[in-house]
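Numbered from 1 within each chain, the chains take letters A, B, ... in sequence-line order.
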Amino acid sequence: MSQKILTRMGDGERLAMDAQEIRDDIRRGTAEAARRAGVPELTEAEQEELFAILAEPGRIVSVEPGREVIVTDDGCSMSFYSGQDGGGVGAPLSRLQAVLTYERACGADTTSMGHSDYSYKPVKPIINFEANDYYNISQVTTAPFLYGAQPNMGLYFQPDGPCANAAELMPLGKIDEARAAQEEACEHLRRDLVFVGRRLAEVGLEGLNFDTCGSAGDADYLAALQAVEELKKDLPDLPIIMGGAGEFVLGMHGGVEYQGRRLAGLYPHEQVKVAEAAGVDIYGVAVSTATTESVAWNLARAVTFVKAASEASSIPVHANVGMGVCGVPMMEQPPIDAVTRVSKALVQIGKADGL
Amino acid sequence: MHTAHIMASCMGGIRTAGDLVAWMQLTRRMKIHEAKRYVAEKLGVDVFELTDEEIMREIRKDLGLGTVTSIAGSPKGIRAKWRIAELLGVPIRSVQLFRSQLGI
């Protein structure tokens, strides 16, 4: 009988590891996260609990009864009808059919819809179409029905947008110009996020999701925070979810601040505090999966970040668990043995309020 | 992948009380344990029973909160959400719009 434990690499490749190798990777993963974020490592007992989850002999695992959490989503119903680029299976369903299937056949806690591009900028010119679909679907759904997309500030730079391209200016040493371009793009983005939120609010929007905030850096993250604050002034009863793009806010600008707090370099336990101050109702922690490390290493690292964020936060913390996030292997079709172990560990050890 | 997370960790949506607990996180910023306690108290059940299909099925049917299988003549969609908003005492914006259209 082999003493090896079946597990995965961060790119999904299956491998068999010794128990000691897995324990070593857990120790290295939690130490790496703790060192980077300045948060505590997982305790010996927590590391052993994580090992037990990874070593469970079953093909899939689950949380213990009574420890279930809320699973929100980022346009999961779109995966029914979209194609490969959206992780979709290409079933010929309308948006309405897909949302109801997700709610009723899958038993999801929340449902959502979004533009196929999954960015806010392209929503603006078709806002009436989106509002019409949102309104019609919201009349027949029972579970919370959200509208979501990514701020995606990159779309505001030339040649796709009006602002000078910061990523082209920086290598030329034009740092001030690059920063000015990002500040200009941030302002365009903030206005678009507020525009879409307000328009959908007119048709009974039940919740808005700013997903993957900061993908273009700290100015992108700032625009989302400012948009939340502005929307909440007019619409205090509009629930808003905000999710990060990685374990720390990229300092593409480096100098932007929100309420006196520099955003570049914020880790999840700090991100939740600025999100909370802006008026966010649920915060989604994202931690990038390293493809060259094992799931044990990646998951120990992600659980360490998520646990610190959950303990620091007064609002619900949901761990983002899409492809290549929070320990889920970075591949188009993540294996369910790894996915369910990530799910269980983030809830039971990471103390996430949801996924 | 979504289904794997639902099977591993999810409360179960309208199969059980997942949507009700989700409303509390969204509208009152409640962490998971507080949200579960609040909903359990409103339903008059133990927290542990919130994810028990055998118990929640009857409660949802009796209170008109919407059931996962389609019962002809039973509230679903916006009418179920109206009842959920009243039961939990939270604002659901689609329900508020619907009520305003009815002049209520």
Contact winner vs chain B - [options], heavy-atom pairs under 4.5 Å:
options                        : result
A:L235, A:I282, A:T72          : A:I282
A:V280, A:L146, A:L346         : A:V280
A:E202, A:E276, A:K344, A:K351 : A:E276
A:P316, A:G107, A:S62          : A:P316
A:G207, A:G87, A:P335, A:A201  : A:A201

Which atoms of [X] approach chain B - backbone, side chain, both or neither, heavy atom under 4.5 Å:
X      : answer
A:V339 : both
A:D73  : neither
A:V140 : backbone
A:Y134 : neither
A:R67  : backbone
A:Q333 : neither
A:T110 : side chain
A:S313 : both
A:P144 : both

Do [X] and [Y] come close enough that some side-chain heavy atom pair is under 4.5 Å?
X      : Y      : result
A:S138 : B:I78  : no
B:L26  : A:I241 : yes
B:M7   : A:I336 : no

Counting N and O atoms only, with roles assigned by atom type, does the side chain of [X] sit under 3.5 Å from a partner on the main chain of [Y], one being a donor and the other an acceptor?
X      : Y      : result
B:R29  : A:I315 : no
A:R104 : B:S70  : no
A:T142 : B:G77  : yes
B:K31  : A:D353 : no
A:D109 : B:G12  : yes

Heavy-atom closest contact ([X] atom, [Y] atom, distance):
X     : Y      : value
B:M1  : A:G322 : CE-CA, 3.8 Å
B:H2  : A:C76  : ND1-SG, 3.1 Å
B:G18 : A:I70  : O-CD1, 3.3 Å
B:T27 : A:P239 : CG2-CG, 4.4 Å
B:R93 : A:L238 : CD-CA, 3.8 Å

Take B:K76 and A:L100, measure what side-chain contact (heavy atoms from CB on, under 4.5 Å) needs, and give me the verdict at the end. CA-CA 11 Å; B:K76 209 154 205 172; A:L100 292 183; over 6 Å; no
